[in-house]
Novice: 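Mind having a look at this structure? Questions to follow.
Given the structure is predicted, the values throughout are model-derived calculations rather than measurements. So you know, we letter chains A, B, ... as the sequences are listed, proteins then strands, and number each from 1.
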Protein chains: 2
Amino acid sequence: MLDLLIENIKEVVPLTDEDASLVKKAFNPVQLKKKDFLLRNGEYSDHMRFIVEGCLRAYKIDENGKEHILYFGIKNWWINDLYSYLTRTPATLFIQAVSDSTVMQIHRDQLNILYDKIHMIDRFYRIKTQNGFVALQERTINSMSQSADERYYDFVKKYRKMEQQIPQYMLASYLGITPEHLSTLRKNLTK
Amino acid sequence: MLDLLIENIKEVVPLTDEDASLVKKAFNPVQLKKKDFLLRNGEYSDHMRFIVEGCLRAYKIDENGKEHILYFGIKNWWINDLYSYLTRTPATLFIQAVSDSTVMQIHRDQLNILYDKIHMIDRFYRIKTQNGFVALQERTINSMSQSADERYYDFVKKYRKMEQQIPQYMLASYLGITPEHLSTLRKNLTK
DNA sequence: GAAGAAAATTAAGGTATCTTAAGAAAGCTA
DNA sequence: TAGCTTTCTTAAGATACCTTAATTTTCTTC
């Protein structure tokens with residue numbers, strides 16, 4: 001499990017063996033059963049989290065009680081309520097296991113120590129966050145310029161693997177439409 | 001102009017005088033008249049850019065020829081087509097001056113040198129990007145869970161200053177609605 | 001493998017936002 | 001200040017997507 005994490009980092013920045021060993025010591029595993037919560041609205045998010053196995057979703061519940069999924073995460077992805085983590089305020093997001101999952105997490109205090117000791121850790125999270133920003137921006141553009149069926153079609157094309165792991169009503173929530181509407185879209189697409 | 005830039009960095013990370021001097025040498029000014037482009041679709045985005053004065057917008061034109069504004073930037077903000085910058089692919093965004101503006105920019109090659117020399121520069125962009133990510137995520141949530149008039153109301157409340165600098169049709173584009181619709185929303189709000 | 005729970009489908013009526021088009025207001029430039 | 005261009009408004013008809021509710025299908029659990 002730790003090896004996957006170190007590999008993930010080394011794909012982006014170099015680490016000495018000593019660095020890698022420091023990193024390994026700082027992370028702890030969390031096991032989640034399907035539907036378990038990694039984080040709930042109102043709790044503090046004091047960890048950065050890496051998915052070793054499984055599938056999770058980050059979502060928000062609005063004032064009308066509706067769920068809005070912000071993103072999914074699978075093996076090798078990072079997932080968090082970054083706002084809550086950075087500002088040390090209670091989480092506004094829920095993070096829940098879509099299937100049985102394993103996550104490696106590091107406490108903020110530990111990570112801050114690593115930032116100071118290892119220049120490349122700062123760089124790693126810079127690059128990861130930049131990539132995440134770009135992906136989120138892409139999504140923002142698409143949700144502004146495309147219709148629901150185009151967004152659905154693109155999602156399936158891009159994340160076929162993920163699409164097979166998650167129920168349709170979650171995909172609908174991610175796409176910003178109702179499950180009923182997604183259902184009729186699918187019917188019309190296969191016609 | 002360079003002082004504003006250094007101040008902006010020092011608000012987030014410490015810099016020695018020597019560091020600051022290296023940073024200063026690496027940035028160059030760009031003057032823009034209203035409606036001038038800092039970047040156009042198809043060009044390469046080889047610089048990171050900091051706004052010293054004025055107001056700019058980053059937008060995309062979709063396949064139907066419609067503009068979608070991703071964000072505005074004012075004094076003290078960073079603005080770029082980060083995707084293009086990071087992947088060295090032609091820009092998909094336009095960045096244009098909404099009013100006469102001054103921008104300080106650094107070439108990727110120069111910035112990469114700074115990253116290696118100054119740990120704190122890696123950290124600075126990590127933190128800036130994390131903040132940007134969080135802001136973009138906030139926007140994504142709002143566009144999924146709020147109606148157009150709520151989004152308009154929130155924007156005005158949050159960015160009163162900016163709202164006064166930009167024409168309404170740009171605000172409509174940012175909010176993801178037509179200028180006609182924004183116009184009717186405004187009429188109904190003040191009633 | 002039966003019973004209950006969760007998810008997906010279908011369809012009818014409703015609403016937010018869009019499209020088109022035309023006219024009014026405001027902002028530049030000579 | 002006049003004339004031209006850009007921006008904003010108004011309104012009517014169109015459409016994408018929503019809401020509600022009932023039915024069917026699939027998944028879970030004992």
Novice: Between dT10(C) atom P and Arg186(A) atom CZ, what is the distance in whole Å?
Specialist: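 To the nearest whole Å, that distance equals 10 Å.
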Novice: Rounded to whole Å, how long is the line connecting atom NZ of Lys35(A) with atom C1' of dA5(C)?
Specialist: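 After rounding, the gap between these two atoms is 9 Å.
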Novice: What class does the angle between the rings of Trp78(A) and Tyr125(A) fall in, given that below 30° is parallel, 30 to 60° is tilted and above 60° is perpendicular?
Specialist: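 Ring orientation, 0 to 90° scale: perpendicular.
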Novice: Between C1' on dC27(D) and CD on Gln165(A), what's the gap in Å once rounded to a whole number?
Specialist: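 To the nearest whole Å, that distance equals 17 Å.
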Novice: So does Gln168(B) get a side-chain nitrogen or oxygen closer than 4.0 Å to the phosphate oxygens (OP1/OP2) of dT9(D)?
Specialist: yes
Novice: Using side-chain contact (heavy atoms from CB on, under 4.5 Å), reason through Val12(B) and Asn131(B) one step at a time and then give a plain yes or no.
Specialist: CA-CA 11 Å; Val12(B) 178; Asn131(B) 293 342; 6.0 Å; no
Novice: So if I take residues 155-164 of chain B and measure heavy-atom distances to DNA chain D, which residues fall below 4.0 Å?
Specialist: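 None - not one residue of the stretch has a heavy atom sitting under 4.0 Å from the strand.
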Novice: Report yes or no: do Gln164(B) and Arg160(B) form a side-chain donor-acceptor pair below 3.5 Å?
Specialist: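 Not at all, the side chains of Gln164(B) and Arg160(B) share no donor-acceptor pair under 3.5 Å.
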Novice: For Ile166(A) and dA8(C), give me the distance from atom CD1 to atom C1', rounded to whole Å.
Specialist: 15 Å
Novice: Roughly, in whole Å, what's the span from CD in Gln96(B) to C1' in dT6(D)?
Specialist: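 From Gln96(B) CD to dT6(D) C1': 14 Å.
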Novice: Given atom CD of Glu150(A) and atom C1' of dC17(D), what is their separation to the nearest angstrom?
Specialist: 15 Å
Novice: For residues Glu67(A) and Tyr169(A), is any side-chain donor paired with an opposing acceptor at under 3.5 Å?
Specialist: no
Novice: Please check if the number of heavy atoms outside Asp17(B) that lie under 6.0 Å from its CG is greater than 12.
Specialist: no
Novice: Let me know the distance between CD of Glu67(B) and P of dT6(D), rounded to the nearest Å.
Specialist: 13 Å
Novice: Nearest 0.5 Å, please: how far is NZ in Lys128(A) from CD in Glu11(A)?
Specialist: 7.0 Å
Novice: Assign a letter to each nucleotide of nucleotides 17-30 of chain C from its 5' end: B, base within under 4.0 Å of a protein heavy atom; S, sugar-phosphate only; -, no contact.
Specialist: SSBBB------S--
Novice: Whole angstrom is fine here: how far is it from CG in Leu171(B) over to C1' in dT7(D)?
Specialist: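 The distance from CG of Leu171(B) to C1' of dT7(D) comes to 13 Å, rounded to the nearest Å.
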Novice: Under 30°, 30 to 60°, or over 60°: which ring-plane class applies to Phe155(A) and Phe72(A), parallel, tilted or perpendicular?
Specialist: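 Geometry flag for Phe72(A) against Phe155(A): perpendicular rings.
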Novice: Return no unless some side-chain N or O of Lys187(A) is found under 4.0 Å from OP1 or OP2 of dA8(C).
Specialist: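 So the side-chain polar atoms of Lys187(A) never come under 4.0 Å of the phosphate oxygens OP1 or OP2 of dA8(C).
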Novice: How many angstroms lie between atom CD of Glu150(A) and atom CG of Leu185(A), to the nearest 0.5 angstrom?
Specialist: 11.0 Å
Novice: Once rounded to the nearest 0.5 Å, what's the spacing between atom NE2 of His68(B) and atom CD1 of Ile61(B)?
Specialist: 9.5 Å
